[in-house]
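What follows is a single structure, written as structure tokens, with notes after it.
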Amino acid sequence: MPELPEVETTVRDLRRLIIERVIADPGVSFADWPRIIATYSPEVLGQLIAGEKILALRRRAKYILIELSQHKHLVFHRKMTGNLFWREPGAIADRYTHLVIPFRDGSELRFTDLRKFGRVYLFLNEEELSQYLAKLGPEPLEDDFTEELFHQLIASRRGMLKPLLLNQGLLVGLGNIYVNEALFVSGLHPKRSAETLKPEERTLLYHAIRQVLTTAIENRGTTLSDYLDGEGQKGRNQELLFIHNREGKPCRNCGTLIIKIMVGQRGTYLCPNCQPKLSLAN
DNA sequence: CCACGATCCTGCTAGC
DNA sequence: TGCTAGCAGGATCGTG
């Protein structure tokens, strides 16, 4: 579930909440599903992070990067239903908690995940970290993600737009919700082959992607059912979605009823009027 | 390069 | 009401 805006919101929250806190010894106080920890056993992870101070938090793609000393990094990916939040000392238990990292002050970092797809990694140095992240494409909201770069990335791709934009090797951060939204905003059909786009259509898509992500961050992310921010609170972008999860409802632009189809095995919402199958001028 | 299916899990709900 | 098939913010791997 969490896509770029949700991960960004969580990172900003946790930055305020856990930087400077020191991890207790041992560094793992609860772990009931060892597979959640991808790189070590719960015991070894607990030893490796014990006594470490939280120095910085960053987001890369949909990963939350927590920097410790000597460039050690705790890295979380929440996949579909994972959440990461900070709790005060003595806070009541959260459902679906599978990993707890205690701080010396008694507060906790809790990783919850209904479906158990989420993962946590510990990388011991910059080298290990960057090697793991090397597979990822550029960040769509960074300054170096120029319109020119986007044109280059997709101009000669023959795949359908929808699965292409979900590919984190091409560009990162988009998931099912925001791809659906961005294609609607740019008036493009999800099954259009990227190579059939005219330059002006690629430009529309470029700006739609950035607009949709930026707006969602301003609204603290989209909570359809499971997503919670760094304090365990819901986002509010779900009220502003144009088409995602709005099958049978009127398009906010033209009133045509929104339909749902499957594209690349993912539920795909679109307005048949605003997103015609072929380009308008052919 | 591209499409498709299976896989990792649990919970909810549409449809019978 | 009760059951069950299918789907849900992701990503990876194998096949053709």
Side-chain angles (χ1 to χ4, degrees), chain A residues 1-11 32-38 59-64 75-84 94-99 111-121 132-137 140 152-184 190-196 209 212-213 215-217 219-229 234-248 260-269:
Chain A
M1 95 36 230
E3 307 179 28
L4 187 152
E6 291 74 35
V7 181
E8 180 65 27
T9 300
T10 301
V11 164
D32 70 345
W33 195 259
R35 301 185 63 160
I36 290 268
I37 308 169
R59 178 189 60 73
R60 174 72 175 107
K62 301 172 191 172
Y63 293 90
I64 297 169
V75 174
F76 291 84
H77 196 303
R78 297 183 288 174
K79 296 291 178 80
M80 300 286 260
T81 53
N83 278 313
L84 187 65
D94 290 288
R95 222 178 161 192
Y96 309 120
T97 298
H98 298 302
L99 178 68
F111 191 47
T112 67
D113 193 350
L114 186 159
R115 291 176 72 181
K116 299 176 179 168
F117 288 173
R119 292 291 179 265
V120 54
Y121 308 78
Y132 181 74
L133 300 177
K135 59 188 175 180
L136 298 170
Q152 283 173 24
L153 287 176
I154 71 162
S156 59
R157 292 297 207 115
R158 277 172 303 162
M160 296 181 289
L161 288 173
K162 177 84 190 285
L164 213 52
L165 296 174
L166 289 171
N167 180 352
Q168 304 295 297
L170 190 78
L171 80 167
V172 302
L174 293 170
N176 207 27
I177 295 178
Y178 299 112
V179 168
N180 284 335
E181 294 293 303
L183 288 171
F184 170 81
K191 287 190 169 185
R192 280 282 294 282
S193 163
E195 65 172 357
T196 70
I209 288 168
V212 155
L213 293 175
T215 302
I217 291 172
N219 291 290
R220 303 189 54 77
T222 300
T223 300
L224 293 182
S225 60
D226 298 293
Y227 163 69
L228 299 173
D229 65 23
K234 294 181 178 184
R236 35 188 161 73
N237 196 246
Q238 58 278 8
E239 291 145 38
L240 300 163
L241 295 176
F242 290 108
I243 44 164
H244 192 272
N245 221 22
R246 297 193 65 240
E247 182 184 16
K260 183 184 183 190
I261 61 174
M262 290 303 264
V263 180
Q265 291 123 245
R266 306 298 303 276
T268 300
Y269 300 85

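Throughout, protein chains are lettered first and strands after them, A, B, ... in sequence-line order, and every chain is numbered starting at 1. Keep in mind that what you see is a predicted model, and the values were worked out from it rather than measured. What's counted below: heavy atoms across the whole structure, side chains too, no hydrogens, waters or symmetry copies.
Residues satisfying the side chain to side chain donor-acceptor pair (under 3.5 Å) test with A/Thr9, not counting sequence neighbours, are none. Qualifying salt bridge (Lys or Arg N to Asp or Glu O under 4.0 Å) partners for A/Arg59, counting only residues two or more places apart in sequence or in other chains: A/Glu8, A/Glu139. When the ring-ring contact (aromatic ring centres under 6.0 Å, His included) test is applied to A/Phe117, no partner is found at least two apart in sequence or on another chain. A/His98 pairs by the ring-ring contact (aromatic ring centres under 6.0 Å, His included) definition with nothing, not counting sequence neighbours. Partners of A/Lys116 under the side chain to side chain donor-acceptor pair (under 3.5 Å) rule, at least two apart in sequence or in another chain, do not exist in this structure. By the side chain to side chain donor-acceptor pair (under 3.5 Å) test, A/Arg266 pairs with no residue at all, sequence neighbours left out. Under the rule for a side chain to side chain donor-acceptor pair (under 3.5 Å), A/Tyr96 has no partner lying at least two apart in sequence or in another chain. With sequence neighbours excluded, no residue satisfies salt bridge (Lys or Arg N to Asp or Glu O under 4.0 Å) with A/Arg157.
Here, C/dG2 and B/dC9 have their C1' atoms 24 Å apart, quoted to the whole Å. For C/dG10 and B/dC1, the C1' atoms lie 22 Å apart once the distance is rounded to whole Å. Nucleotides C/dG6 and B/dG5, compared at atom C1', are 15 Å apart to the nearest Å. Comparing the P positions of C/dC13 and B/dT10 gives a spacing of 22 Å, expressed to the nearest Å. Only the P atoms considered, C/dA5 is 15 Å distant from B/dA6, to the nearest whole Å.
Straight-line distance from the CG atom of A/Leu174 to the C1' atom of C/dA11: 15 Å, rounded to whole Å. The interatomic distance linking A/Asp113 (CG) with C/dA8 (C1') rounds to 13 Å, in whole Å.
Here A/His77 does not reach the OP1 or OP2 of C/dG10: none of its side-chain N or O atoms lies under 4.0 Å away. Contact annotation: A/Lys62 does not reach the phosphate of C/dG9 (side-chain N/O to OP1 or OP2, under 4.0 Å). Within the 4.0 Å cut-off from OP1 or OP2 of C/dG9, at least one side-chain nitrogen or oxygen of A/Arg266 is found. Listed pair A/Lys135 / C/dT12 meets the phosphate criterion, a side-chain N or O lying under 4.0 Å from OP1 or OP2.
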(Q) Taking Watson-Crick (N1-N3 plus N6-O4 or O6-N4) and G-U wobble (N1-O2, O6-N3), each under 3.5 Å, can you produce the dot-bracket string of DNA chain B? Use [ ] for crossing pairs and | for inter-strand ones. (A) .|||||||.|||||||
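Because its glycosidic torsion is more than 90° from 0, B/dG5 is reported here as anti.
Residue A/Glu181 forms a side-chain contact (heavy atoms from CB on, under 4.5 Å) with just one option from A/Val212, A/Leu240, A/Ile209, A/Leu174, and that option is A/Val212.
Applying the ring pair (Phe, Tyr, Trp, His ring centres under 6.0 Å) definition to pairs two or more places apart or across chains, none involves residues 155-181 of chain A.
Here the range on DNA chain B touched by chain A, meaning any atom under 4.0 Å from one of its heavy atoms, is B/dC2 to B/dG11.
Sorted by residue number, the members of residues 153-163 of chain A with any non-hydrogen atom under 4.0 Å from DNA chain B read A/Arg157, A/Arg158, A/Gly159, A/Met160.
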